[in-house]
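Residue numbering restarts at 1 for every chain, and letters A, B, ... go by the order of the sequence lines. Not measured: the values here are computed from a predicted model.
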There are 2 protein chains.
Amino acid sequence: MHKTIQLTPDATRCSTCMLNSLCIPVGMPAGDIETLDQIVKERLRVSKGSFVYHQDDEGTALYGIRSGSVKTQLEDASGQVQVTGFLLPGEVVGIDGYLGARHMTHAIAMEDTELCVVPIQDVERITTMLPALSRQLRRLTSQEILRSQQLIMSLGVMRSEQRLAAFLLNLSQRLGALGYSPREFILRMSREEIGNHLGLTLETVSRLFSRFARDNLIRIRQREVQLLDMEMLHQLTGSDCE
Amino acid sequence: MHKTIQLTPDATRCSTCMLNSLCIPVGMPAGDIETLDQIVKERLRVSKGSFVYHQDDEGTALYGIRSGSVKTQLEDASGQVQVTGFLLPGEVVGIDGYLGARHMTHAIAMEDTELCVVPIQDVERITTMLPALSRQLRRLTSQEILRSQQLIMSLGVMRSEQRLAAFLLNLSQRLGALGYSPREFILRMSREEIGNHLGLTLETVSRLFSRFARDNLIRIRQREVQLLDMEMLHQLTGSDCE
DNA sequence: CGTGCTATTGACTTCAATCAACTCCGGTGG
DNA sequence: CCACCGGAGTTGATTGAAGTCAATAGCACG
């Protein structure tokens with residue numbers, strides 16, 4: 001389910017948003033953020049399981065996640081799916097549609113999610129006037145590529161336990177940056193989604209969680225995770241430094 | 001070995017380059033390409049095995065491959081390497097350094113290679129005046145991400161034979177676009193490099209080549225490949241559409 | 001209080017990695 | 001010119017990590 005909300009003048013805007021140290025405005029001068037306020041005129045509410053956009057949709061906007069979480073996934077001609085990322089509040093989805101004409105992935109809400117809509121048309125219009133914004137877009141794009149590279153590294157060279165350890169630490173780090181506890185959090189995604197993301201089966205993910213728990217690296221109860229030995233997890237990640 | 005060549009006024013420029021329908025100038029108006037001529041003032045010759053740039057180097061230029069070929073690879077903290085791509089003439093390397101401040105990968109010449117140097121400073125300077133160029137950069141970035149996504153898909157969901165079939169077809173298609181035969185070509189990279197790129201061992205790659213040859217899908221003699229049954233290879237790629 | 005997901009655990013299989021021997025080829029130098 | 005060397009590639013035997021299939025357990029929701 002989708003619901004668009006027009007922002008009233010007194011609503012929270014970029015310049016007053018708690019997430020503006022993470023989202024699109026990072027490091028932009030205050031004046032520029034106010035210009036951004038002008039073009040972010042609506043929010044989108046997407047209920048759990050619904051699409052923010054589909055693969056091959058025309059890219060019409062960037063979406064800053066205000067609350068909730070989103071997964072992005074690729075689908076190939078034969079319907080095979082690969083989850084390419086899990087996005088948290090303060091992170092931006094839809095840059096692929098800004099770079100090319102169309103979105104290269106599906107974006108799906110993992111829980112009821114609220115997104116700030118930044119129309120691409122407006123971005124293009126003001127980007128020439130605001131060098132800070134175009135710098136920012138490049139930075140976001142760069143992050144997007146970095147994320148891809150990390151996933152490639154994970155899928156290409158890591159073994160299952162390394163992948164999962166790296167995944168947990170990555171989530172932990174990002175949640176920490178959001179002000180949540182980096183040691184204790186709720187997984188918003190199922191074992192199957194994690195497995196698909198990491199190129200593993202849900203059974204393997206489940207077994208690894210159990211093993212990590214047995215080795216006192218983590219505690220896990222359903223989707224509630226507690227990282228007990230981040231040092232050791234980190235070592236697992238880099239693994240055979242021989 | 002590196003050697004920089006200053007371009008003389010009568011040297012081939014973007015506007016007269018045979019590759020200008022592929023490289024940075026794709027689809028740019030003639031006038032804009034001439035502006036591009038102004039800023040591409042030198043070429044770089046890099047001998048086989050040498051680095052075009054290193055991971056974490058500051059991004060100072062984009063490089064259009066004029067002849068030869070280049071591989072890009074990620075290296076993590078523990079020295080593990082993952083080949084992220086093989087680039088051909090007319091393709092552009094170094095965009096990661098334009099987007100972020102630093103290159104995220106190593107770029108290494110797979111044979112003696114000549115590259116057109118497009119200084120980032122100049123790109124930034126003229127990009128505001130040439131909307132076609134900034135559109136172009138976005139397109140290139142988008143392609144870069146597309147490449148990553150394809151690799152992620154390959155590493156994440158495909159089985160070894162699917163990966164190799166997809167790899168061969170991808171090479172074939174790109175060589176075809178360059179005007180070479182899409183059915184018969186020389187691999188510029190070793191079994192080991194292919195294996196690393198596809199998340200396989202060199203032995204597996206070798207075995208698969210042998211098997212494909214036995215099944216009359218390809219003919220292979222050392223690094224010389226001939227695609228005999230592209231239809232079947234393509235089917236292998238998409239595979240279990242069940 | 002069922003019903004249906006989601007997750008766990010076990011038994012078995014399979015695909016690709018590993019280890020190892022051997023071949024092929026290109027280059028170098030006697 | 002041939003012999004030798006070393007790197008690249010092939011092929012075989014074996015191992016091992018993760019997948020598959022299957023049974024069961026735990027929650028969540030109506």
Option passing side-chain hydrogen bond (donor to acceptor under 3.5 Å, both in side chains) with A/D96 (candidates A/R102, A/H103, A/Q55): A/H103
For B/L62, the option from B/V118, B/V40, B/L115 that meets side-chain contact (heavy atoms from CB on, under 4.5 Å): B/V118
Nucleotide D/dA17, atom C1' - distance to CD of A/Q162 in whole Å: 13 Å
Reported OH-to-OG1 distance for the pair A/Y98 and B/T141, which is rounded to 0.5 angstrom: 9.5 Å
Basic-acidic side-chain contact under 4.0 Å: B/K48, B/E111: no
Whole angstrom value for the distance that separates C1' of C/dT23 from CG of B/L202: 15 Å
Separation of atom CZ in B/F209 from atom C1' in C/dT23, rounded to whole Å: 18 Å
Atom-pair distance (CG on A/L187; P on C/dT8), nearest Å: 10 Å
Side-chain N,O (A/S160) to OP1/OP2 (D/dA17) below 4.0 Å: no
Nearest-angstrom distance from the residue atom CG of A/L208 to C1' of C/dT8: 13 Å
Separation of C/dC15 C1' from B/R163 CZ (nearest whole Å): 11 Å
No-hydrogen, no-angle side-chain donor-acceptor test under 3.5 Å, B/T84 and B/T72: yes
salt_bridge(B/R174, B/E91) N-O dist < 4.0 Å: yes
Grab the N/O contacts between the protein and nucleotides 17-22 of chain C below 3.5 Å, and write none if there aren't any.
| from | atom 1 | to | atom 2 | distance (Å) |
| --- | --- | --- | --- | --- |
| C/dA17 | OP1 | B/T201 | N | 3.4 |
| C/dA17 | OP2 | B/T201 | N | 3.4 |
| C/dA17 | OP2 | B/T201 | OG1 | 3.0 |
| C/dA17 | OP2 | B/T204 | OG1 | 2.2 |
| C/dT18 | O4 | B/R207 | NH2 | 2.7 |
| C/dC19 | N4 | B/E203 | OE2 | 3.2 |

Over 12 non-hydrogen atoms of neighbours within 6.0 angstrom of CZ in B/R223: yes
Neighbours of DNA chain D within residues 210-230 of chain B, by heavy-atom distance under 4.0 Å: B/S210, B/R223
CD (A/E192) with more than 12 external heavy atoms under 6.0 Å: no
Output field: ring centroids A/H106/A/Y53 closer than 6.0 Å: no
Flag side-chain contact, heavy atom, 4.5 Å: A/L146 against A/Q150: yes
Integer-rounded Å distance: C/dA16 C1' and A/R159 CZ: 14 Å
NZ/NE/NH1/NH2 to OD/OE distance under 4.0 Å, B/R191 and B/E203: no
Those residues of residues 189-196 of chain B lying under 4.0 Å from DNA chain C by at least one heavy atom: none
